[in-house]
Structure formats: C-alpha cells, structure tokens
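Notes follow once the structure below has been shown.
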Amino acid sequence: MPNKHYVPLKNIDDIPTMAKTLGTMLVNETGSWRNVRPIISNENCIQCGICWKYCPDMAITEDAEGFPVVNLTYCKGCGVCAAECPKDCIEMVEEVR
Amino acid sequence: MPNKHYVPLKNIDDIPTMAKTLGTMLVNETGSWRNVRPIISNENCIQCGICWKYCPDMAITEDAEGFPVVNLTYCKGCGVCAAECPKDCIEMVEEVR
Amino acid sequence: MKYSIPTEEYVTSGTVACQGCGAVLALRYALKALGPDTVLSVPACCWSVIDGPFPYSSTLVPLFHTAFETAAAAASGIRNGFAIRGNDHTTVMAWAGDGGTVDIGIQALSGAVERDEDIIYVCYDNEAYMNTGIQRSGSTPWGAWTTTTPVRHFKKEEKKDMVEIMVAHGIRYTATACVSHAEDFVKKMKKAKDIRGTKYIQVFASCPPGWKMQSDDSIKALRLGVQTGIVPLYEVENGVYKINYRPKEFKPVEEYLKLQGRFRHLKPEDVEHVTRWRDRRWKLLEAKVAMTRELYGADAAEG
Amino acid sequence: MKYSIPTEEYVTSGTVACQGCGAVLALRYALKALGPDTVLSVPACCWSVIDGPFPYSSTLVPLFHTAFETAAAAASGIRNGFAIRGNDHTTVMAWAGDGGTVDIGIQALSGAVERDEDIIYVCYDNEAYMNTGIQRSGSTPWGAWTTTTPVRHFKKEEKKDMVEIMVAHGIRYTATACVSHAEDFVKKMKKAKDIRGTKYIQVFASCPPGWKMQSDDSIKALRLGVQTGIVPLYEVENGVYKINYRPKEFKPVEEYLKLQGRFRHLKPEDVEHVTRWRDRRWKLLEAKVAMTRELYGADAAEG
Amino acid sequence: MKKVITGNHAVSYGSMLARAEVVAAYPITPQTQIVEKISELCADGVMDAKFIKVESEHSAMAACIGASAAGARAFTATSAQGLALMDEMLHWAAHARLPVVLANINRSMAPPWTIWTDQNDTISRRDAGWIQFYCESNQEVTDSVIQAFKVAEQVELPAMLVLDSFYLSHTSEPVDLADIALVDKYLPKYQAKHDLDPAKGHPAYGALCNDEWYFELQIKMQWAMEKALDVIIAEDALFGEMFGRSYPVVEGYRADDAEYLVFVSSTIASTAKDAVDRARAEGIKAGSAKVRLLRPFPKPQIKAIARGKKRLGVIDRNLSYGSEGAFFTEIKSCLYSEPERPEVHGFIAGLGGRDVTVDTVYEMIKITASRSPETDINWQGAKLA
Amino acid sequence: MKKVITGNHAVSYGSMLARAEVVAAYPITPQTQIVEKISELCADGVMDAKFIKVESEHSAMAACIGASAAGARAFTATSAQGLALMDEMLHWAAHARLPVVLANINRSMAPPWTIWTDQNDTISRRDAGWIQFYCESNQEVTDSVIQAFKVAEQVELPAMLVLDSFYLSHTSEPVDLADIALVDKYLPKYQAKHDLDPAKGHPAYGALCNDEWYFELQIKMQWAMEKALDVIIAEDALFGEMFGRSYPVVEGYRADDAEYLVFVSSTIASTAKDAVDRARAEGIKAGSAKVRLLRPFPKPQIKAIARGKKRLGVIDRNLSYGSEGAFFTEIKSCLYSEPERPEVHGFIAGLGGRDVTVDTVYEMIKITASRSPETDINWQGAKLA
Amino acid sequence: MIEIRFHGRGGQGAASGCTVFADAAFRGGKRVQAFPMFGVERRGAPVASFVRISDADIRARHNIYTPDHVIVLSETLMDTVDCTDGIKPGGTITVNTAKSPEELGLKGDFKVYTVDATRISIEHGLGSITSPIVNTAMLGAAAKVTGQADIELLMQCIREAAPSKPEQNAAAAKDTFDAITP
Amino acid sequence: MIEIRFHGRGGQGAASGCTVFADAAFRGGKRVQAFPMFGVERRGAPVASFVRISDADIRARHNIYTPDHVIVLSETLMDTVDCTDGIKPGGTITVNTAKSPEELGLKGDFKVYTVDATRISIEHGLGSITSPIVNTAMLGAAAKVTGQADIELLMQCIREAAPSKPEQNAAAAKDTFDAITP
Ligand SMILES: Cc1ncc(C[n+]2csc(CCOP(=O)(O)OP(=O)(O)O)c2C)c(N)n1
Ligand SMILES: Cc1ncc(C[n+]2csc(CCOP(=O)(O)OP(=O)(O)O)c2C)c(N)n1
Ligand code: SF4
Ligand code: SF4
Ligand code: SF4
Ligand code: SF4
Ligand code: SF4
Ligand code: SF4
Ligand SMILES: [Mg+2]
Ligand SMILES: [Mg+2]
C-alpha cells in the first residue's frame, strides 16, 4: 500500500519533460531492511545526542522528555547508534516479522 | 623544383594506410622566409658555440677552422644568433632577392 | 538532547544507502552547515543513487545530477548562471566522491580552482569507487583490497593527496575532515561558506561494504582513522597550515587496519609500511605548519 | 667550436616554426639529452604543427601524434605496449605545451603520476595556447594579454604552478628549466632518463609572436625570466627541493615585462604586483628547500 | 547595420544579439575567432555575459549545462575534436532538455591532424538529440544563432549551428546585423523551465530512472524533435516578417521544374547554384535542394521536393565508414515509403577540405542527369589511381 | 570447457583467450565485472597482460591507442557514458587504423541516470569508423572477442563488441570456452603495421595533413570497411571449421519461406525466435533476421534476406532523435535501390531497459503481418496515454 | 521450462546463489539461465534474482513474471515485498523461517514450505544472528522443492563457488534439503 | 567577377588587408568576399589571401585558382612562391619592390606593376627594415591597379581597421595609390 509520500504516475502525460523529482524519499520505508532493531533504555541515557548525531538514516528523534526515540519506519538497523552510545543504552535485538 | 628530400606522391596508391611520414622536413627550405640575413665576421669570434646552441633552425654549423657558418638554405633570419653572440660577430642585413 | 551540530535536517530518512553509510552523514552534516540556500552539483557516485530514484529525492535543497567528471564544471556553470541573473547569495556546492574528484574529475576541479570560481567543492572520500562495486581509485590507500586490486595484488600505489594538490593550486581555503568529527566538519563548512572563491574540503566517510566491515563499526573506523593519524585533520587558508586535531599519541595503525576486511591480508611488514607513511606524512605536515606560520604569520590563517 | 651540450641533432632544419621559436630549441635540447632510443607522444600543440605536415617530419625519433588531452595516457600505453613485448629500454617522452599540460591534459597526467608510469613528461611552457593563436591557458601569468584576455581585461588569475602540483602528487622527480639555460635543462633531462617511474619537467620556452616581441629577443627574454626570478630553476627529487640557480640579486621584473608586448599595458602598480608575487614565491621556495633538507637530509635529493 | 565580417564573427555577433548570458568555451582552430571576439565584446562591455574560460570542451558543455539549468541562456562554440570531446555532455544537454546553443565549425576528424572542413564531426552527433542547422552564408549564421535560441527554448532541446571550416568560418562577407531592440522582441529573455533556485523548492534533476519511465522520457524527446520542425518553420516565418530574411528547411534552387535534383548542404549549397545555372545553360534541367536541417530531419519537405523528379543526387561532404554518406542514407530512407521513388546517386566530395568547385558540382549534376547509379558511393574529386 | 558464466565474464575470458596484451579500462556499471575478472586473471598470472588502471575512459582509449601503436594487442571495455566520453579517441583509433578491440555494454544514456539497456550509446558511434558486432548470447560474446581481433588486425580498423546490459551482461549461461592452443592457431600473435621502435626508423604518425591527401586516407578507411565485411564472413567460416560455431552477419530464423520478416539484433534476436514460433503456430508465416553488424553494414545480406518478402518490420532498441530507429533507417536506405521494395514497419521497443518479452515481439510480428505502416515510429510497450 | 525467483537482501548473495543453482542444474544436463534483478540496491535492501531451467534451448531473454517456484531468504522480507506475486498456479514458495507454513498465513494457488535456514547456517558457522549467511543453505531447500538440481551436484557447485568455508556451506544446503519433505 | 590574390608572409597582415579591401569595395556598392589561404603558417612563412568582388551575388564558395590580379607584399617571396601562377590572361601583378617592372623579369600574359611600399611605409613610421608593415600600403596600390576600390573609402576602411596609427596607414595607402599609373 503506497504511503502518503507516494507520487502516483500512470502514463506519459503524468511525467515531467525532464526527469525532475516530485517527492521525497520518505516514500521509502527502509524499516523493512532491518535484521536487528535498536532498543533504547533511558535509564543511563545522558541525552548527549550522539545516537542522533550519528544515525545515517535520520531515524532518531527526541521525545517530550528529551530522550532519543527510534523511528522504526526508517531505521535500517545498522547498529551505529548502539555502537556509539557512550552509555551503552542501546541494544540491538533480532527483528521479527 | 622539388629538392632531394621531396617525397613524390601521385595518387591514393602511393600513400600509406595511416598517415605515416616518409621523409624529413629538410624538404622545406626555410631560407626563403628570411627578411634579414646573418653575416658572421670571424674576426672577434671566440668559437664559443653560442650562436650554434641557440639557433632555433639548426642552421649553424662549423667550418674546417672551427668557425660558425650559416646554412642559408634554412636560416629563417630570426636574428637570435646575432643577439646572443657575446662578441657581436654577427650582423643582420636586409635580404635581397 | 544536547546538540553539538545544527538540528535542521536537509536529508530525509528513506535514502537507499547501505546500512551504516558514512556518505549519508557527510552530506547531512554539510547541509546543516550550509543551510537551505544551497544548490548541489552531484556527479556519478554513491550519492547519485542514495538520493533516490525518479520521481523522488532525499535532499531538501535543489540537486543537479551531472556527469561523472563534471562536478566542478557544472557547479561553475550554475554559479555563473545565478550570478548573471543577480543571485549572488546561493551557495553552490559540488558534492563528489573520491573517484569523481581525484581521478576523472580532477581536471574540471583544477580548472575551477584556477579560475577561482565561487563554489565549495566537497569530496567525500570513501577511498574507492563504491557505487560501481568497490574498484580502486587514486584515493585508495596503499595496501587496500578492492575488486581491481585483488588481495594477491593489493594496491601498490600511495593515496593521491588531493588537499596538498589543492594547496599547490594556491586555493583560498582547503581542509580535511572526517565524519566521526562532525563538529569540526560543520565548522569548516561554515567557514568555507563565508569565503569567496573556490574552497575544497575532503571529508573522510566510511563505507561498510567497501571497507568490508560491519555496519556498526562505521563511526569507529573513522575515529580510529583520526586517532591513528591516518586521517589528519587540518586546514590551509591562504597558504597557512593549521592542524585542527593532534592526537596526544597515535594509536597503532593496526587498530585501524584490522577493523576492516579490505586490509585483512596485510602482513606485519605491510603494517610497518603504513606506519612509516603515517609518520612521514605527519612530520611533513608539522613542518609545513611551522614553515607557513613563519612565512606568513599565525594571523594570516585566521584572516 | 666549443659545445656545452651534445652535438647530435635529432631535430632537422626546415621546421615550420616561427622565426626565433623557443619551443624548437626545447625539443632540440631534450632529444640531445635523451638520444635516439626515444619515442615521443605529442598532443595538439605548436609542436604538432612544427614537426611538419604529412608526409614529412623533423624529428629523428618516432613521434606519435595524439589528441590534445592525452599525452600522458598515450605515453602510458606506448610504455606498457613496449614492456609487454620485452622492450624496457626505450625512453617514452610525452611532449606537450602548457595548455595541453596544465589545462586539458592535467587529468591524464595526474593519473599517470599516480600509477607511477615509467615515462618522462615534459611541458614546454610558452604560457598560452600558441598553436591556436594565443589564447589564455592556466599557465598564462597574471597580467598578460592574450586574445581571450584582452588588454582591458588582462589575465587576473595567477599562473598555475604545475611543478608544485607534481610535488603534491609525490612524484619521484620534477624540475623547472629554461631554454636560455640549455646546459641545466640537458642535465635534468639526463637525470630524468635514469630514474624509473614518472618524471615531470617544465621548460620555459619563448614564443615571439605570442609574447608580442621581436624574434631576436627570444633568448634574451628567457634569460631575463631567470634573472628577474620570474622563472626559478629548481628541482625536487623524492620530495627534496634544490634550487639550481640563485641570481645574486634579482633584476627588476620590469626588465622582463617591458621586453614583451603582452605586458605592455601593465601600470606601475601592476608591476608591483608581479614583484610581490616573485618575492613571495621565492621566499616559499627557499623555505621549502630548508624544510625538506631538514626533514630528509641533503643527501636524499642526490640519492 | 551591414558589416563585412567572417563567419566566425557572425557567430559571435549572433550570440551577442541573442543576449547569451553565459558563454563557456575553449579555443580550437578554426573556431578561435569566435571566442576571441566574444572576449572582446565582453571586455568592452558591449555584451553582458559571463565568459567561463574553461579548461576543455568537456567542461565547456558541462558549464553551459549548469548555467542553463540555473536559468541562464548559455552558448558555446567548438569544432571537430572539441565537439567529440564534448560528446557525453552533448547527450547530457539533450536528455536534460536544456536549450543550450552551440556553433560548430565543421573540421575533419584527426588523425591525421587537419583543420580543414568536412561534416564528419557533426554527422557523428546525429543521434545525440540535438537540433542541427547547416548554414550556407554568414548572414544565415548570425540569423540562425538567434533563431536557434528561439526554437531551442520552445521545444526544450539544445541546438547546434554548423559552419564549414574556412569556406565559411574565415570568409568575410557583408552581414546585416539585426537591430538588437528588434531581436529582443523576437527573442525575449529566457524563462527557464528548469529551476534551481532554492527559494522555489528542492527538486533533483536527472535522478536515477529505472525501466519504469525512461522510455517515456525518450518519447518526449522525440515528440519535441517532431515539434521542433514545425517551430523552426514558424519561427523562420516570423523572423522573415520581422527581419526580411528567411531560411526554408529545404530550399530549392530552380527545383520546381527540374528533372534532376541534387541535394546539398552548407557552402556547397551556395556553389551549387552556379553549377545548376551552368547545367541549365547547357540544356540539363537541373536543380538543387539545400537541406538546412539534419535533425529534426525534414522528411515532409524532402519528400515534397523530390516528388516527380527523374533522378536525384545527394552530395555528402561526410562519410559514415562502413556505410555511405549520411544525407544519402537519410534521404533514401525518407523516400523509401514514397509511391514513386526516383533513383538516387550518392556522391562523396570535399572530405578533409578538398575544394568543391562549381566544376565539381557540375560534374555531379551531369552524372545524375545522365546515368543510373551503380554504387552507393561515387567519390568526387579524389585522386584515385 | 563449458562454464556457466555471465556475459561480462564471457568478455573477460574472451580477452584472455585472445591474449590481449594491454588492457586499459575504467569501471562503469554494468561493465565492472569485466575489469574485475581481468584484474583477477592478471593477478593470478593466468592472463599475461599489462592492465593500466586509468583515471577515465578517455585515457583508457588513449592508452589502448598508444599500446596498439607500440605493437601490442590492446583491449578495453566500457558502457554508455564511458563510451561517449571516449568519443574523440574512438575516432582517433579508427583514423589511426589501430585494431583496438572494445566491448561495450549497451546502457541508456543519461540523464536521467540509468544503467538499463538500449543501443543509443552504440548507434551514436555508427559514424566513428569502428566495426560493430551486436551479440545475442554469451557464447557469441566470447567467440566474437576472438573473431574481432582477427578481423580488426587484418583490415586495420578497431572493432566493438556490443552486449545488452543485464539481459546479457549479467545473465549467466553455459559458455564453451575454447581451447587456448586452438585459439592461438586461429589468432596468431599480433604483427603490428605501426612501428614505434626507434631501432627501425623515425616515422611520425598522424602528422598534419592538408587537403592534399586527407580525402584519400578516408577512402582507404571506407575500403577497409568494405573489405571487413568479406573478412568477417571468411573468418567466421574458418572459426566455424575450427570451433564448430558460426555467426552469420545476417542470420535468418525460419526466414526462407517467411512472408513477413522482422529484423532484430542483440538479445531481442534470441527472444524473437520464440515469438516467431508462436506466430507460425498461429498461422502467420513469420521469420526473423538477426543483424549482427551495424558497421560495416551488411547490405548484400540484408537485400538477399529481404527479397521476396511481403512485408518487413525492423525492431530498434534505439532511437535517433529527430529521425527514427537506426536499423530502420539503414535497412530502408539499403533496400531503396532494390527492384522490389516491401513495405517496412519501424518499431521502437525496450528503451531504457523496458522489457521486450516474447509477447512484445509477437505483437510486432502481428502488426507487420497485418497492415501497412502508417508512421515511421511505432512505439512498442510504452505507457502512452 | 521451469522458472524460479529468489528473494533476498543486498549483500546476502541471492544472485550468486542463483548462478550456483543454475550451474548444478546445468551439470545435471539441463539448459540454464540465471540473472539478478538488475538494480542499484544497496546492502540490506530487498532484491530478487532468477533462474530458468529447461530441457530445450532457452531463447527467452527477458524478465520472469510468473515463476514456478519462489525462494525467500528471509521471512522479514515478506513485510514489504509481495513475494508471492505471479507464482504460477500450482507453484511453490519456500521461506526461511522458524515458523510452520501455516503460521505464515499465505494465501494463493501454491504450496508453501518453510525451513529454518538461519538456524542451520549458524549451526554450520555461517554468519551470525545480526548478519546470517543463508544463501547457500536455501539452495538445498530449492533443490528439494523444485527438483531441478541433484543435491550432490549442487553441493559440489557450492564448494567450488564458496569464497570460504566450502564444506560448511555445502553441508548447510544438504541439511535444508533433508529438512524439507515436499 | 573580379578575383584578386595577395601574397605575403605570416604575421604581415595579408589576410586582414584583404578584408579591408573587400570592405572598401563593399562600401562602394559591390558584393564582396574575402578569405585567407587557410593553413597553419607561422610568422615568416609565405601565405596568400583572396578577394572576390562582383556586381552580382557571389555564390561560389571555393578557392581562387585564376585571379585577375595579384598583389605581392614582399619581393623576396617570389624566390620560392610562383606568384604569377594562374593569373588570367590580361591580368596584372603588382609587386612591392624598389625595382622597376622590367627588372623583375616576369614573363606571361599579364601586366606588371611595382611600387616601393616598404620605403613608403617606413616613411610613414610603419615598422622597420627588419620587419616592415606593408599590408595597408599595398592596398592603395591594389586599389589603383584593380580599380575595385575607391581610394577615399579605402582610406576610411583602413583607419577603422588599423589597431594603431590609423592616419599613417591610410596615408601610406594613398601614397602607393598615387605612385602607380596603370
Ligand atoms: C564517464 C563515466 N565513467 C564511469 C562511470 C561509472 N561510475 C559511476 S559512479 C562511479 C564510481 C564513483 O566513485 P566515487 O567518486 O569514489 O564515489 P562513490 O561511489 O565511492 O561514492 C563510477 C566508476 C560513469 N558514470 N561515468
Ligand atoms: C580537444 C581539443 N580542443 C582544442 C584543440 C585545439 N588546440 C590545438 S593546440 C591548442 C593549444 C595548445 O596550447 P599549448 O598546449 O600551450 O601548446 P602551444 O600551442 O602553446 O605550443 C589548442 C587549443 C584540440 N586540438 N583538441
Ligand atoms: S540502528 Fe542505525 S538506522 Fe537505526 S536508529 Fe540506530 S543508527 Fe539509526
Ligand atoms: S547516545 Fe546514548 S546516552 Fe547519548 S542520547 Fe543516545 S541513548 Fe542517550
Ligand atoms: S638568424 Fe636565426 S635562423 Fe638564422 S642562423 Fe641566426 S639564429 Fe639561426
Ligand atoms: S656566438 Fe659569436 S663568438 Fe660565439 S661562436 Fe658564434 S659567432 Fe663566434
Ligand atoms: S556502498 Fe558505501 S558509500 Fe555507497 S551507499 Fe553503501 S555504504 Fe554508502
Ligand atoms: S607560435 Fe610560438 S611556439 Fe608556436 S611555432 Fe611560433 S614561436 Fe613557436
Ligand atoms: Mg568513493
Ligand atoms: Mg603554450
């Protein structure tokens, strides 16, 4: 089911003259790439923002209290956040369907 | 009248498959380019070879006594030899037909 | 959370980059520094794929895809096209991989620097042609495996030093950077933005598949690059060298090398070779710092 | 007569070069140094015309005419073609003008240096595209008139410093030379011949029409270039700088500039600019000599 | 204002009149005069353009592409080797649908080195997606630069002017330089379809396109080419009204009542008129047809002018090795579906600048009039054994 | 020895069997596997060649040219953008008469970026003086590398192998790799006509050539192309004798008694056989003709196979913008002088990698069999409105 | 002609697996053709690849739309990719999962098989939980379900093609082969 | 149609001279065409250039082989170049020399004129003995001999085209114009 970022194109009349993009890659829900999933425990979290800084998929945001949250729609499960967290707050667990 | 360096070519059968040269540029008697002609006077000549060294047309050779001689078949009359001779032995004079 | 770099994002989630791609972070940081009044000229490279297929894009600034060897020339054209129409404010950034910079794109870049075009050229350096599946580039380091330098015949030429080549061009501003040191990179990009004329920044960016390592080692490998001195962080402004980060003591280069499968075949004497290369390079770098400070004064660099 | 350079000639009389052409002398000297076991790769440049039209040639060594931007790549091909057939002795020399070197040919050259091809690359530098009628090149000096930098808009960019760019490439051997200093040039060419790997020599060669001067000033202008310090003679071997000729005192740059019509429009403040450029360059050069001697020892250069 | 100028300068002035905004070019004989004059015009402030003095033709086209994408009117000029070196970027400009205009001086391809004319450099670009105008006179050159921009910007395709080396590029003749105010009316400021201004959005241009839409983008290019033929004709008509000069896409000379018709292009089209007159004088009912366009190929006009002829000749100053002359191929292919198909002679003449005189053309007319073709290539003026 | 390998590896092994001595190449999708495999073969010492890892395709061809001029057998491989970037040097190799062999993987031209197949990259080189072989299977690929060197060295012209991206380059199938000793017999060590060895003289190659002889040099190129057609046929026959496999320049499938014939090339030629069978099963007397060569264009063979047909179709996986499909043009031009000229349909299909299935080809056969052509371009498989 | 489609992730070796499978079938006397979904997919992204196997010459050179068999290298793929798309009526789909076929809840005119290739692979020392290497293991399952490759020939082909651990890879294939009863 | 050929040396301005001459003829109401011998000749090498002048449209766009008039900028050129080649019967040749026509000893069906343009040019401060600038001066002679350009228009064209010393150049032309009596 296409998401809201999907740009529907049916035939030649729908496409621009030159290949000019019409939407963003938010259409591409890369959460499905994940083999492993980051689980953040706030316990030791010092809100340093390092996980946010190094996430190559811009999949970490901040919750109301200033703790990091993973956007599972896009997190590819690379494990960088877990590896870089200075407080070992993030664990990578096997993804299940 | 073509000189001895001339490579006669009449038609397509005479030329090589690719443009490969068949003779030297000695065919091109650049003496005809001259407006002015170098005259060497041996009087002050110290046989330093500077005129030979700087002639851009390889038009200076040595005579039996070691003095420089201009090869008028090729000398273009640039005047470099005259300008560079440390002893001012070379004068450039107007070329006449 | 605390944020050490700007929070605005100009790269969206959903890119098709590999898990743990350092190149994504590189552009993410660069755009944080430059802000939205920026246009990209992107030649063939991983980023021309990462950004997404038609009709989608993941950068929130205009992006002009251009041929592999033309990042600097196309950027020059864009800059001049803007200028003649009165737009002198938009930052035009050429954003290219190392292959597109030090090999096939060096000519266009060299020309742009010579003309002193008002552009920023950033090379994200992952040390091989990654987009086409890890072939050697002029920026691949000595000793590395790639698909065109098989293990039995690993790369025997030294990495081309593009920043030094830029210095030799008399460029106004050039610098190295590393994705693991985001704050330093952002600072340099901001500085570059404010200088008129050509700027060249080379940012070291990890590539898990290309370096044959796990995706979660992506930042670690980069940090080790800096800590072992393999990747010096420095800048050269108006000819004056300045080192931005001096490890108190270099970590052994093994630590850097052993993390990456592309170096797994190296023998101890090869590691020695890399260590000597590192030391020679740092000695020279320090000497240049001293020399140029002496020649031009410490202020010149700040000027 | 006394001969300070080899007497063998490998360039014949009858070339179609202009009266007083310095480029002819440059190749004449180079071939004297290299001898007959040499093959030339010549891209588009004055020399591709000078050598003569089909079916004639004025060089007494094989000459392969190649496309403008390919001197180094074609030379690499020739060298490897020889090598696979067992010929390791013939010297392969790329012989190119400044435009063919610092502009359109820089990429192929940079690639060859990175691969450390066993070739000699010589750039005869007459500071503009002469073959096409005197357009600016990246090697045209600041201040010069050319047909694409009209007097009212004379060249405002500094000359690209190719020898320094080669040093930044970590090339084994590179040197400057000047046709007026034939002996020095011949010596450097001989040295280059005996080094395996890529060598780059840039020889300053006068062009009377291109410099808007009388043909008989051809050597004088070059000598003034050296004497005023505009054209430093130096070499860099394995990273170590060595200055081959240090004028006791620089002649004023005016003497050099005023001889040449291409500089006739320069105002006193422009001459000042050139003088400052000269001084800055020499200071840097001397500093590099000191720095690299200190780093690598005086012997390294001789090694 | 009429001035005696070379074909090259006709290009430079044309680009000035068309108010090219960014020029990125690299010198090459026989094009150098163009860039030298533009440098001068810019330095003098007569022409308000940014001249990017790039380090190669490859970068010249890349810079023009960048400039055009940024919304500026972009122009360049080159020849032979330079055009070939641009090739990748020529395809790029076309596929990016950018209305860059380029003047190419036809020069033979090396090696051996040559600077003399033939069309091999430009026919080798016939598949690159560029509109190609072949010019006959310096007047046509200046006027065509202006028309080319007008057309290119409407159909969003790049356009190439083609001039014979020497026979046009270096030949001086009187040229009426149009009044720039009138040109401004004919050719208003470029309103780019591309827009890289960050203030207006953040599109990416040229993103990876898999088999889902690439085909359709090509069809749009072909449609634009087909439209271009109509636009060229319409814009030429308007130009004719405004400036009193017009250049049909296929122009007959004594063609109406001709029994034998030779197709010609570039300067040979001019010389051919004298040859036709001579043939007529000698009783041969000859005519000539100048083909102004190679792309879009003016099929309806070719068909129309060929209709009813007894025999045709095609004079190609080019050669597609392993095939035949390019115009010969295109014309035969175009006429294939005609109900009546006259025989066609294929002539190849003038390669590498070999002079094509009135005599040479006359000879080809005579052959066309007198016998059936026996081979696809009839070498004219060559030193065969 | 039979191995299941990709078309790309078929190229690599072909170059090894042909004993290429200098390889200068630059990576590009979808060609990378070729150079990676060659790197491996060289590193393993199985292949005795110098591999120059150049910094661009432009230098790749320049280095091949240099190596070939120095007397070595030179090889390279590329695709699309790389081929275009080489363009100047492609002309150079041809005019220098150097038998360099190149494998090109057909990929569509950018922008937009694409890595999928169509023939625009290679048809755009049809005027460059290169022999062009279009391959249908991996077996043909390996064998053609060997044949290409044999032919190229005899006629002193460079030759290009052409493979569809993906549909051939990345498709694995069994390939019989010839015994190298037998290949050595078929293709002896290269004896260069060029000679740069200073011991043997001091020629200059490619010196400036004015209008006196350039024309004649071009005629020699054309003659060599004409000779090449015969040599290709003869060498293929010899290859058939020695290796039991043969590839006619135009190969009919159920063509003899066909009333309707479609011309095809590359992998479509393979798929078309299934489509022809289907058409036959449904009562349509169809056949197909695979065209192996675009240059030299096999005119006599095209004429022969077209003779007596009721109607023809040409399937082009390419497009010359502003004209039509390239094979369509060439075939019509070739048949123009035939006494009987069947109608010809022009189909364009599969651009940008759009899949051409048995259904797609069948559809084109049906159109060919059922009606007269109405336009020069019939888009097949496109998402038209 | 039998057509098979493999689903995997970039970097998992689905494409090379197809070639190995084709090779085994070829050595068993068949005509074969193998090709990847051709794209620019990066490590981790969903990919597909294909095999054609036939007794007669394979002339069709185009994509496969209606496979007889589908092999899925990772169950998680099924979230976003419609792995059952186009399966010929009566065809099969074989999924690497610890679940039973029923638990997958797939609907359509095809048979569903499951095998825990991840576990088997890890048991043989191939990869880890975060990045298991399952392509060779799944070939054994494919051989059993499709009946197109002899397991001994397949194991031989796997040994020759494996960049490392040839025996373990072959053994993993044998295990999945044995684990399935069609 | 009148066809004229100029002989000079590279750098002497024979080609630009032709354009100026054509310009003058054009301003006098003629159709004109001017072009250089197209080559790569360097400073000092013999070159030629051409003018066509006509009352009707000039359509021929090819070389000139049989000129009506020939103008020779430097007598020394005649050593190697056959300057009289192809002159139309009854045509003319005009040579810059201090000699008289007879002293040149030229044979053929054409009239010979001489004028000491070098002396005249130097008198007007144009160039020096080693490199005299005679192209503009010789235009005056050409105007007189060919009758194709009005001397006033010619002088005006010279003034406009001269990169420096416009009046001197024009005056030199006037002097040669006056020096010749055809
Ligand atoms: C002329 C040309 N040659 C080759 C290619 C193929 N190609 C595309 S991207 C690429 C590698 C890019 O490497 P790099 O610049 O280092 O960027 P990365 O992929 O590593 O991000 C290559 C070889 C191309 N697109 N164009
Ligand atoms: C691709 C290409 N572009 C342009 C040219 C035209 N061209 C030939 S030689 C030349 C200038 C060469 O300048 P330089 O290298 O400095 O040598 P010089 O003529 O000064 O000796 C130019 C622009 C060409 N031959 N090929
Ligand atoms: S696992 Fe990777 S993609 Fe997911 S949140 Fe962490 S850093 Fe981002
Ligand atoms: S890196 Fe760790 S400590 Fe820092 S914000 Fe993220 S989870 Fe918290
Ligand atoms: S004048 Fe010039 S060419 Fe003549 S001999 Fe002297 S230096 Fe040589
Ligand atoms: S330069 Fe003068 S002194 Fe020296 S050899 Fe020549 S003529 Fe004699
Ligand atoms: S291959 Fe490397 S650079 Fe490219 S997307 Fe993957 S991780 Fe990033
Ligand atoms: S233009 Fe200059 S470099 Fe060229 S031949 Fe003349 S003097 Fe020599
Ligand atoms: Mg890279
Ligand atoms: Mg130069």
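The structure presented is a predicted model; accordingly, all values stated were derived computationally and were not measured. Within every chain, numbering begins at 1; the chains are lettered A, B, ... in the order of the sequence lines, protein sequences first and strands thereafter.
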Using non-hydrogen atoms and a 4.5 Å limit, figure out which bit of F:Asp118 sits close to chain E: side chain, backbone, both or neither.
side chain
Where does E:Trp223 contact chain F at under 4.5 Å (heavy atoms): side chain, backbone, both or neither?
side chain
Non-hydrogen side-chain atoms of E:Asp87 and F:Glu88 separated by less than 4.5 Å
no
Looking only at heavy atoms and a cut-off of under 4.5 Å, which of F:Leu229, F:Asp355, F:Ile348 has the most pairs with chain E?
F:Ile348
Please report the shortest heavy-atom distance between F:Arg354 and E:Trp213, naming the atom on each side.
NH2-N, 4.0 Å
Are any of the side-chain nitrogens in F:Lys332 or E:Glu330 under 4.0 Å away from the carboxylate oxygens of its partner?
no
Looking at E:Tyr214, E:Trp92, E:Tyr205, which hits ring-ring contact (aromatic ring centres under 6.0 Å, His included) with F:Trp113?
E:Trp92
Can you tell me which portion of F:Glu212 sits under 4.5 Å from chain E's heavy atoms? Options are side chain, backbone, both or neither.
both
Any idea which of F:Ala96, F:Ala128, F:Ser108 has the most non-hydrogen atom pairs under 4.5 angstrom with chain E?
F:Ser108
Please evaluate residues F:Arg126 and E:Ser124 with respect to the criterion side chain to side chain donor-acceptor pair (under 3.5 Å), reporting the C-alpha separation (whole Å), side-chain torsions for both, the decisive distance (0.1 Å), and the verdict.
CA-CA 7 Å; F:Arg126 60 174 143 159; E:Ser124 295; over 6 Å; no
For chain F, which residues of residues 338-347 of chain E have heavy atoms nearer than 4.5 angstrom:
E:Arg341, E:Pro342, E:Val344
Any donor-acceptor pair under 3.5 Å linking the side-chain atoms of F:Tyr321 with those of E:His95?
yes
E:Arg125 bridged to F:Asp127 by N-O distance under 4.0 Å
no
